Protein chains: 2
Amino acid sequence: MTDTRTKTPRERYRAQVRAEIKEHAWEQIATAGASALSLNAIAKRMGMSGPALYRYFAGRDELITELVRDAYRSLADTFRAAAGAGAGLAGPAHALRAWALDDPHRYFLVFGTPVPGYRAPDDVTGIAAETMAVILDACAALPSDRPTTSFGTHIEGHRQWADGHPAPPAAVHRALTVWTRLHGVLSLELAGHFTGMEFDPALLYAAELDDLLER
Amino acid sequence: MTDTRTKTPRERYRAQVRAEIKEHAWEQIATAGASALSLNAIAKRMGMSGPALYRYFAGRDELITELVRDAYRSLADTFRAAAGAGAGLAGPAHALRAWALDDPHRYFLVFGTPVPGYRAPDDVTGIAAETMAVILDACAALPSDRPTTSFGTHIEGHRQWADGHPAPPAAVHRALTVWTRLHGVLSLELAGHFTGMEFDPALLYAAELDDLLER
DNA sequence: AGATTTGGTGAGAAGTTATCACCCGAGCGA
DNA sequence: TCGCTCGGGTGATAACTTCTCACCAAATCT
């Protein structure tokens, strides 16, 4: 979106068409899921015919890669915005749930079943680390009266991924549990595994968050 | 597999071919994922040509439905076997992890991203309730010195799904957290989200299990 | 203005799911 | 045991999909 005027008109048009293709792809994913993404249908709905799309994306995989990248970046943005608003760990946690419920297919595209032949590009791991840094910051700011867990001592020797983050091992362990527990509730809820049980998933999510905060 | 001799030869042959088709389907799913399941490839690998498969399964969806049913039943069986071996909650928990690691695609077929148009048949919810009953039993047998949580009071009025199970609300709440937390670690590990972080996922799983046991 | 890059199209190859009419042989009842 | 029925298998076909190719037109750059 930035400096859309320094580029040549060609590149402006190209970027706009790419954005429009991704827009239609998101719409199609939201209705039928990621595995039902059809390049032909996107092209037909945009008024142009099949092979024209290949001028903008090398294939289905590259389009999905771009969508995954956008999803990661969107999550990282909302995470940082929620962290900047204060409220400690609860802010990003509620933002995560809102982000997931806003478009479940987008959540599954990032955290769901990995697509068969697809491998995440190397730069999305950087964005993923960005979101993890937000959780790590929030966890490091929390008071912790618990002793270091046995997993904490294990992770002390295996934390190169928390690249130079000044968080004690207990905070790193807590950040990981924040991630896995919130994802556990969210993914089961979004996949529909709670239908039939008539409790409120939001309350279970809140209960997990409370348990993560009060320790 | 039972009473394979009271049936007519026709039905015996039919059941055997159906089983062989499912065998090849599992093999194909284990290598390429569920979305890459090709009826043509299965037929070709079995020596017969395309449309012959439609004598045994109405289509791709019915085959997947049958595989989901088998996966649920396999999980329920291993769960009950693990619960029968004693060891309380740790038995089913480790059995779940072993079952998931044994065939990740099978785990994702049950707990992963829901396939676009597919709806779980009504009888698998019964099998799912069977596995939930195992967790409920184990949780009800655990000593609990914690007071009833606020979610516990909520679930007291919304527990028709725990159909007549004589577990106190705290045990129901704990059973739900067992499910969501173990699934949280497992699904992220199987989806490859821990690659790059060099800690041992088994230890994180064990840490979550320990935290669930000691409360 | 002329040359070149770029976007778009139609045709076509190689897949897929799924349906159709047809054929043949195994299993069934008389 | 004979004959018939019915179920399994096949090829052809339709409607899709992704993706490649040669060609054409139009916009851009020199």
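None of the values given here were measured: they were computed from a predicted structure.
For A:His183 against B:Gly184, the heavy-atom pair with the smallest separation is CD2-O, 3.8 Å.
In this entry the distance linking CZ of B:Arg14 with P of D:dC6 reads 16 Å, nearest Å. Rounding to whole angstrom units, CE of residue A:Met48 and C1' of D:dA26 are separated by 16 Å. Rounding to whole angstrom units, CD of residue A:Glu11 and P of C:dT5 are separated by 15 Å. At whole-Å resolution of the value, CE in A:Met46 and P in C:dG7 are 13 Å apart. B:Tyr54 has its OH atom 15 Å from the P atom of D:dT10, to the nearest Å. C:dT17 atom C1' lies 14 Å from atom CD of B:Glu62, rounded to whole Å. One atom, CZ of B:Phe57, and another, P of C:dT16, lie 19 Å apart when rounded to the nearest Å. Between A:Leu53 atom CG and D:dT17 atom P the separation is 12 Å, expressed in whole Å.
With a 6.0 Å radius and a threshold of 12 heavy atoms from other residues, nucleotides or ligands, A:Glu198 has its CD atom above the threshold. B:Glu62 CD: more than 12 foreign heavy atoms inside a 6.0 Å radius.
Checking C:dA18, D:dT18, D:dG9 against every side-chain atom of B:Arg60, the shortest atom distance belongs to C:dA18.
Side-chain nitrogen and oxygen atoms of B:Tyr13 include at least one within less than 4.0 Å of the OP1 or OP2 phosphate oxygen of D:dG9. For the pair B:Ser49 and D:dG9, the criterion of a side-chain N or O lying under 4.0 Å from OP1 or OP2 is not met. Between A:Ser38 and D:dT18, a side-chain N or O to OP1/OP2 separation shorter than 4.0 Å is present. Residue A:Asn40 has a polar side-chain atom (N or O) positioned under 4.0 Å from OP1 or OP2 of D:dT18.
To the nearest 0.5 Å, atom CD1 of residue A:Ile42 and atom CG of residue A:Leu63 are 5.5 Å apart.
As judged by a 4.0 angstrom heavy-atom cut-off over every strand, A:Leu37 is placed among residues touching the sugar-phosphate backbone only. When heavy atoms are screened at a 4.0 angstrom cut-off, A:Tyr56 is found touching the sugar-phosphate backbone but no base atom.
Both B:Gly50 and A:Pro51 lie close to DNA chain D; mapped to their nearest nucleotides by heavy-atom distance, the more 5′-ward contact belongs to B:Gly50.
Not a single donor-acceptor contact under 3.5 angstrom links the side-chain atoms of B:Arg55 to the base of D:dG7.
Side chain of B:His24 to main chain of B:Ala43: no donor-acceptor pair is present (N/O by atom type, distance under 3.5 Å, no hydrogens or angles).
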